Amino acid sequence: MIDPKRLNHAEDLLDELNRRGDCTAVVEKAHAAYHNWKSALQAFETLKADQNAATPKRKPTDVEKNRLAELSDAVKTAKRFVDDAEQAYRTALLYVPNIPDPKIPTGADASGNTVFRTPSRPVPEFAFEPQTHDSILERLNWIDTTRTARINGSRFVTYCGLGARLKRALIQFMLDHNTHAGYHELSPPVLVNRTSLTGTGQLPKFDADLFHCTDTDYWLSPTAEVQLTNYYQGELIAEASLPIKLTGYTPCFRKEAGSYGRDTKGLIRLHQFDKVELVQLVKPETSDAALLELLNTACGILDALELPYQVVTLCSGDLGFSASKTYDIEVWLPAQNTYRELSSCSLFTDFQARRANIRYRGDSNTFVHTINGSGLAIDRTIAAIIENYQLADGSVSIPKCLDRYMSV
RNA sequence: GGAGAGGUACCCAAGUGGCUAUAAGGGGACGGUUUGCUAAACCGUUAGUGGUCGCAAGGCCAGCGAGGGUUCGAAUCCCUCCCUCUCCGCCA
């Protein structure tokens with residue numbers, strides 16, 4: 001949520017927001033609803049002050065009672081107006097995206113993204129035609145999509161034998177890496193409530209992407225960002241405990257509605273996947289540096305795995321709804337002959353903190369800035385390892401840093 | 001899932017329809033007096049916050065788990081929900 005006071009200068013706000021694409025409609029709606037609420041509030045508060053002044057300390061006489069009853073009716077009517085107006089204004093505000101960082105490039109879509117860090121190492125050269133990760137994994141019996149399709153349908157995977165061990169090893173390795181970088185490990189539930197999803201910005205706008213339990217208001221979390229960021233929901237944090245750095249492994253669930261036909265094979269786009277997440281809650285003045293630190297932690301995992309990657313800065317038009325600045329880490333996939341997103345590291349400024357009401361006790365009580373990124377997506381990392389580490393004889397080797405996690 | 005008990009400030013807790021919650025009383029914390037130094041004793045401080053109006057000083061409104069309702073008036077009565085605790089059932 002943006003600072004509602006910015007609606008007082010809606011033209012300036014629009015100048016900044018329209019770098020994403022046309023936001024006029026949502027801003028004008030929020031702007032109108034905001035002023036409607038304020039005038040309703042002022043009318044109510046005046047009446048309420050009258051009522052408070054007129055209410056006697058003892059039982060009122062019948063004459064007084066008539067006048068008090070009138071006042072009471074007027075207050076109730078005014079209150080109803082305020083409540084409706086407030087509901088409308090808050091809802092409208094939930095649909096206004098975050099303000100893009102002034103320093104990021106302006107662009108309409110992914111073609112406007114710029115390279116922030118050039119490839120970390122040369123891409124591997126193969127003396128043979130590199131195979132796709134799914135064909136290799138299937139042949140090695142490290143995954144079984146045929147049986148999984150019977151149990152779950154498409155966009156699910158079962159890891160088998162060494163494949164399952166590799167997944168477990170990667171989770172372990174990444175969590176160790178992140179805790180060594182100073183992140184506190186949490187292992188949260190994967191069912192979350194509506195309030196938390198609203199706090200981090202998935203709801204109300206993006207409910208079509210989420211799995212929702214039909215008989216309760218529980219949702220399957222699409223990313224541990226939800227659980228880790230909302231861990232401090234509603235809290236007033238002591239200044240001395242900032243920055244808070246959290247990491248956690250969870251399964252993640254996404255409907256992937258609207259991506260029919262895209263990445264149907266392999267591990268790139270699944271309804272359920274595994275991810276190790278990095279989250280930071282920081283003081284506003286340190287958030288730019290903290291984003292880079294978090295990015296470096298995520299990149300450090302790929303360095304250790306010796307996988308080639310590049311980092312791009314998302315342009316204004318490609319930015320997610322809640323983010324003000326995002327760096328995508330893209331790993332090289334030889335069979336696709338391209339870099340694919342493996343982690344998205346974003347600064348949300350106070351946008352999520354306002355929605356989730358996370359503040360810290362400083363000179364005044366201020367909203368923290370939130371930052372998160374994958375560190376890393378497990379299944380896509382497996383895809384990258386398999387494709388980059390494949391050998392001429394059809395087998396694959398395993399990154400050296402995983403040896404101690406893969407041994408029996 | 002069933003039966004019961006709770007949720008008031010940093011913690012415990014009194015308040016059960018009107019006397020603006022300066023929220024009684026403890027505890028803890030902090031400051032002071034006293035002291036060679038500690039402890040004790042005594043004195044004091046410990047409501048913070050959100051919103052709104054205002055250049056400001058300051059005014060006003062809302063806050064007793066959350067949301068509704070009853071009432072001229074609700075921490076207090078009623079309803080729904082959340083959470084904690086005890087017992088039973090079920091289960092990993």
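Values in this document were obtained by computation on a predicted structure and should not be read as measured data. By convention in this document, chain letters (A, B, ...) are assigned in the order of the sequence lines, proteins followed by strands, and residues within each chain are numbered from 1.
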If you assign A:Asp83 and A:Arg359 each to the RNA chain B nucleotide with the nearest heavy atom, which residue ends up on the more 5' nucleotide? A:Arg359

Could you check A:Tyr218 against A:Asp50 and say which one's nearest nucleotide on RNA chain B is further toward the 5' end? A:Asp50

Describe the nucleic acid contact of [X] in one word from base, sugar-phosphate, nothing, applying a heavy-atom distance below 4.0 Å.
| X | result |
| --- | --- |
| A:Asn52 | sugar-phosphate |
| A:Lys65 | base |
| A:Phe367 | nothing |

At less than 4.0 Å, is any side-chain N or O atom of [X] found next to OP1 or OP2 of [N]? Yes or no.
| X | N | value |
| --- | --- | --- |
| A:Lys5 | B:rU52 | yes |
| A:Gln42 | B:rC53 | yes |
| A:Thr46 | B:rC61 | no |
| A:Lys48 | B:rC60 | no |

Between the side chains of A:Glu256 and A:Arg254, is the shortest nitrogen-to-carboxylate-oxygen separation below 4.0 Å, so that they form an ion pair? no

Going by distance alone, is a donor N or O of one side chain under 3.5 Å from an acceptor N or O of the other, for A:Ser221 and A:Gln227? yes

Under a 3.5 Å limit on both distances, the Watson-Crick or wobble mate of B:rG25 is B:rC12

Partner of B:rG4 under the Watson-Crick or G-U wobble criteria, both distances under 3.5 Å, comes out as B:rC85

I want to check something: taking the side chain as every heavy atom from C-beta on, are A:Trp332 and A:Leu307 in contact at a cut-off of under 4.5 Å? no

Return the CD to SG distance between A:Glu293 and A:Cys345, rounded to the nearest 0.5 Å. 11.0 Å

B:rA9 and B:rG27, which share atom name C1', separated by this distance in whole Å: 13 Å

